[in-house]
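Computed from a predicted model, the values in this text were never measured in an experiment. Note on naming: letters A, B, ... go to the chains in the order of the sequence lines (proteins, then strands), and numbering restarts at 1 for each one.
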Number of protein chains: 4
Amino acid sequence: MAEQKPVSGRQSDSQPDSRAKILAAAKDEFAQHGQAGARVDRIARQAGVNKAMLYYHFQSKDNLYRETVGEIIAGNLGKISKEVSQKSDLDELLNSLARKYAEFLGQDQMMRKMLLQELANPHPHVFDLMAETIVKSGLPNFVMTAIEAEMKSGLLRTVDLKHAVASFMAMNIGYILMSPIVDRVLRVTDKEQFHNERTEAVVDLFLNGVKKK
Amino acid sequence: MAEQKPVSGRQSDSQPDSRAKILAAAKDEFAQHGQAGARVDRIARQAGVNKAMLYYHFQSKDNLYRETVGEIIAGNLGKISKEVSQKSDLDELLNSLARKYAEFLGQDQMMRKMLLQELANPHPHVFDLMAETIVKSGLPNFVMTAIEAEMKSGLLRTVDLKHAVASFMAMNIGYILMSPIVDRVLRVTDKEQFHNERTEAVVDLFLNGVKKK
Amino acid sequence: MAEQKPVSGRQSDSQPDSRAKILAAAKDEFAQHGQAGARVDRIARQAGVNKAMLYYHFQSKDNLYRETVGEIIAGNLGKISKEVSQKSDLDELLNSLARKYAEFLGQDQMMRKMLLQELANPHPHVFDLMAETIVKSGLPNFVMTAIEAEMKSGLLRTVDLKHAVASFMAMNIGYILMSPIVDRVLRVTDKEQFHNERTEAVVDLFLNGVKKK
Amino acid sequence: MAEQKPVSGRQSDSQPDSRAKILAAAKDEFAQHGQAGARVDRIARQAGVNKAMLYYHFQSKDNLYRETVGEIIAGNLGKISKEVSQKSDLDELLNSLARKYAEFLGQDQMMRKMLLQELANPHPHVFDLMAETIVKSGLPNFVMTAIEAEMKSGLLRTVDLKHAVASFMAMNIGYILMSPIVDRVLRVTDKEQFHNERTEAVVDLFLNGVKKK
DNA sequence: GATGAATGAGCCTTCATTCAT
DNA sequence: CATGAATGAAGGCTCATTCAT
């Protein structure tokens with residue numbers, strides 16, 4: 001009992017306060033094991049706090065999950081819209097967007113895993129939050145508007161706007177979600193390179209797909 | 001892994017169900033709750049058998065999961081390749097393929113959910129099985145070959161074959177996986193109609209994307 | 001693992017089956033500690049079964065409590081009515097009844113404690129059961145009828161029947177419930193003797209109290 | 001027991017409440033849930049103070065319980081004796097006493113519940129306090145003396161004094177403790193009226209029971 | 001006096017798994 | 001093949017209590 005834990009004995013002020021530490025640990029645990037597979041003990045241990053502390057700050061495992069996902073989504077999704085929304089050229093816009101998607105989902109496996117899990121077993125609350133955040137970011141609308149404009153000015157073929165945007169999202173995000181299996185099936189040897197080329201390939205296919213001949 | 005199970009080669013004839021009933025129940029349970037969230041009790045109860053029976057046929061929850069996924073994949077994926085592989089025209093081939101994907105993943109939520117779960121938390125064994133099955137089906141290769149042929153004959157632009165196929169899969173499968181959120185973000189009101197139009201829209205975009213002007 | 005526990009290794013047939021053993025252990029535990037203070041671990045250990053077994057037979061601590069109380073009440077209360085209901089003489093009836101009450105509550109501290117606890121923190125379900133069982137036993141009515149008869153025949157004063165019966169119950173049962181403190185306050189030195197005299201003293205006071213002068 | 005608590009002799013004046021508020025909250029909580037079922041958090045919250053404050057004033061849950069019970073008993077029991085001890089007539093004395101009992105236990109469910117709980121699971125310390133307080137109040141002795149006097153003067157039959165007093169207490173206090181179930185079994189419809197009549201009915205039965213014919 | 005944050009121990013409950021029959 | 005009963009090992013959550021400020 002009372003084995004000296006190396007670091008802090010009731011930390012004075014340094015650490016980013018235990019609430020944040022729990023959240024960080026929860027992010028890892030939930031991403032790795034899913035909501036059902038996650039273990040409260042592991043989260044607490046990895047956060048370096050007592051298990052009861054976790055229930056002091058969050059009230060249940062379920063609530064911790066929701067707060068964790070909320071944090072992740074709000075944190076990451078916000079970044080995209082800002083940087084993208086100032087492009088005027090469609091080509092540039094799509095490129096910028098595709099790169100952001102890759103960055104957003106590729107850099108941090110957590111985000112990708114949580115997205116997959118929510119798609120598999122949606123939590124209404126979490127789902128609402130995700131959808132709302134994306135819509136608020138203005139991105140889908142922004143892209144649709146840009147395409148529509150060029151369509152009206154006669155540069156593009158007449159295509160269904162929603163299907164077009166859905167396809168663009170799927171080629172980017174959908175691919176990333178599926179990449180482990182797609183890459184394998186297609187015998188992609190140098191994954192890194194393939195992922196780097198991807199942005200360009202997608203935008204190229206898409207633009208040619210919608211442009212007039 | 002893959003230890004030779006001594007006994008039954010899918011037992012002879014007496015109680016033809018039991019094993020099958022368990023598998024069916026397991027399919028539902030795993031799809032709804034994921035591997036970690038699934039409960040052996042529920043599977044047994046829903047299958048109408050004793051829990052011990054389940055352990056008699058399958059040896060552990062983990063093994064039951066693997067067999068369940070295997071069954072699903074083998075069962076569903078096999079169907080696609082047969083019907084598709086006899087198309088000669090690229091247009092026809094892609095249409096046929098797109099329709100199969102939709103059918104394959106859309107009709108039965110189970111398949112979609114299991115795929116998402118495996119993508120989120122891959123089991124090497126399951127993953128191997130899926131990839132192997134897809135490759136064996138010959139489909140990706142078949143498509144790549146068909147595109148390559150038309151590319152050589154000068155009908156299509158020069159594009160990276162793997163990226164093209166990846167995009168096609170993503171527009172179809174990736175979209176389906178993400179559809180709950182994509183549909184919502186794009187304010188798709190009549191989902192059924194949208195999904196029905198999808199095949200055509202995808203093939204249209206893709207073909208225009210690769211064709212020469 | 002698998003430390004040899006002295007007694008039975010999955011008992012064959014002897015013990016009165018674990019359900020009954022749990023119930024017996026629960027009776028002791030709940031009586032000694034109350035519902036809140038009772039510990040499931042202790043009950044299981046004292047019953048010589050695994051904790052999970054307890055949840056297999058009963059579904060929760062709360063339910064175990066209810067079943068335990070039900071068992072006790074049904075078991076004990078039933079005995080009284082049978083033996084009492086055949087007395088014709090009022091004197092004899094009251095004596096017989098008083099003796100049964102003492103026996104019922106005195107012999108088994110469990111019953112007394114559970115009654116006190118239910119009086120302090122009633123569970124609707126348990127309360128219903130107790131009341132119903134008592135009423136069904138026919139005793140209160142039986143006594144009231146007997147008193148009423150003698151009242152009409154002019155042997156007794158005119159008194160309120162319900163108050164009379166309430167007083168009789170209180171002098172018997174109420175005293176037993178309160179005895180630890182009453183005995184102490186009254187400086188009763190030989191408790192056993194006092195309790196033995198009690199029946200007679202109560203019937204004497206009661207009969208004189210209702211008789212005509 | 002009764003370790004000298006170093007600090008406050010019921011602190012001077014500054015925050016006169018805090019301690020009192022905790023005691024009030026504790027009274028409710030303990031009465032409603034019993035000692036084991038009571039929750040320190042709830043007491044603190046309902047008292048509007050921090051949990052640590054509670055430990056500052058009282059040193060443990062157990063001690064808080066003891067102080068709470070002590071407070072209640074001392075507070076309530078004291079009142080009875082004063083007002084009763086000046087009656088000279090036995091009839092008047094018993095009536096006055098019966099009314100006090102009803103008031104003492106009936107008005108405030110807390111007292112009734114705590115008494116029941118202590119009877120079910122006695123705490124030596126609390127029990128001592130209760131008994132001592134009652135004895136000190138002089139009441140039992142007072143009643144015994146009054147009865148004895150009338151007995152000697154030939155007005156009453158010769159009965160055992162202790163049994164007589166025990167019966168009187170039981171008819172009053174014992175009835176109140178058991179009233180929820182007694183009333184129900186006897187099909188008492190207007191409880192309030194019944195309780196109001198009770199005093200008279202009890203004294204009447206008792207006096208007739210002890211008087212000479 | 002007063003507080004928010006922290007903790008160890010324990011509590012009720014559940015789960016995958018096994019055994020005797 | 002089939003079952004009811006049994007179990008060890010957690011798993012999530014709570015509780016009385018304490019510490020730094």
Legend entry - Sugar-phosphate only, base, or nothing, as touched by D:Ala38 at under 4.0 Å among non-hydrogen atoms: sugar-phosphate

Inset, instruction - State whether D:Ser18 places a side-chain N or O below 4.0 Å from either non-bridging phosphate oxygen (OP1 or OP2) of E:dA2. - result: yes

Legend entry - Under 3.5 Å donor-acceptor, B:Asn50 side chain and B:Ala44 backbone: no

Legend entry - Short side-chain N/O contact from B:Tyr55 to OP1 or OP2 of E:dT18, under 4.0 Å: no

Inset, instruction - For C:Gln59 and E:dC12, give me the distance from atom CD to atom C1', rounded to whole Å. - result: 14 Å

Legend entry - A:Lys61 side chain vs A:Gln35 backbone, donor-acceptor pair below 3.5 Å: yes

Inset, instruction - Mind calculating the distance between CZ (D:Phe58) and C1' (F:dT17) to the nearest angstrom? - result: 16 Å

Legend entry - Value in whole Å for how far the C1' atom of F:dT18 lies from CG of D:Asn63: 17 Å

Legend entry - Minimum-distance nucleotide (side-chain atoms of D:Ser60 versus F:dC1, F:dG4, F:dT17): F:dT17

Legend entry - Length of the line joining A:Arg45:CZ and E:dG8:C1', which is rounded to integer Å: 15 Å

Legend entry - Flag, side chain of D:Glu29 to backbone of D:Lys27, donor-acceptor distance under 3.5 Å: no

Inset, instruction - Find which nucleotide of DNA chain E each of B:Gln35 and D:Gly48 is nearest to by heavy atoms, and output the residue with the more 5' nucleotide. - result: D:Gly48

Inset, instruction - Find the distance A:Glu29:CD to F:dG11:P and express it as a whole number of Å. - result: 10 Å

Inset, instruction - Using atom types as modelled and distance alone, determine if a side-chain donor or acceptor of A:Gln59 lies under 3.5 Å from a backbone N or O of A:His57. - result: yes

Legend entry - Closest listed nucleotide, where the reference is the side chain of D:Met53 and the choices are E:dA2, E:dC11, F:dT14: E:dA2

Legend entry - Selected nucleotide, minimal atom distance to C:Lys51 side chain, candidates F:dC13, E:dC12, E:dG8: E:dC12

Legend entry - Closest to the D:His57 side chain, choosing from E:dG1, F:dT18, E:dA16: E:dG1

Legend entry - Aromatic ring pairing A:Tyr65/A:His123, orientation class (parallel under 30°, perpendicular over 60°, tilted between): tilted

Legend entry - Nucleotide E:dC15, atom P - distance to NZ of B:Lys61 in whole Å: 9 Å

Inset, instruction - Check whether any side-chain nitrogen or oxygen of C:Tyr56 sits under 4.0 Å from OP1 or OP2 of F:dA6, and answer yes or no. - result: no

Legend entry - d(CZ, A:Arg19; P, E:dG4) in whole Å: 16 Å

Legend entry - C:Ala52, nearest nucleotide to its side chain (from F:dT7, E:dA16, F:dG12): F:dT7

Legend entry - Side chain of D:Asp41 (C-beta onward), nearest among E:dA6, F:dA16, E:dG1: F:dA16

Legend entry - Base partner of E:dA9, which must satisfy Watson-Crick or wobble distances under 3.5 Å: F:dT14

Inset, instruction - Name the closest nucleotide to the A:Asn50 side chain, picking from E:dT7, F:dG11, E:dT3. - result: E:dT7

Inset, instruction - Could you please name the partner base of E:dT17, counting Watson-Crick and G-U wobble pairs only when both distances are under 3.5 Å? - result: F:dA6

Legend entry - Closest listed nucleotide, where the reference is the side chain of B:Arg39 and the choices are F:dA16, E:dA16, F:dG11: E:dA16

Legend entry - Atom-to-atom span, OH of C:Tyr65 to C1' of E:dC12 - whole angstrom: 18 Å

Legend entry - Name of the residue among A:Leu119, A:Leu116, A:Leu115 meeting side-chain contact (heavy atoms from CB on, under 4.5 Å) with B:Leu119: A:Leu116

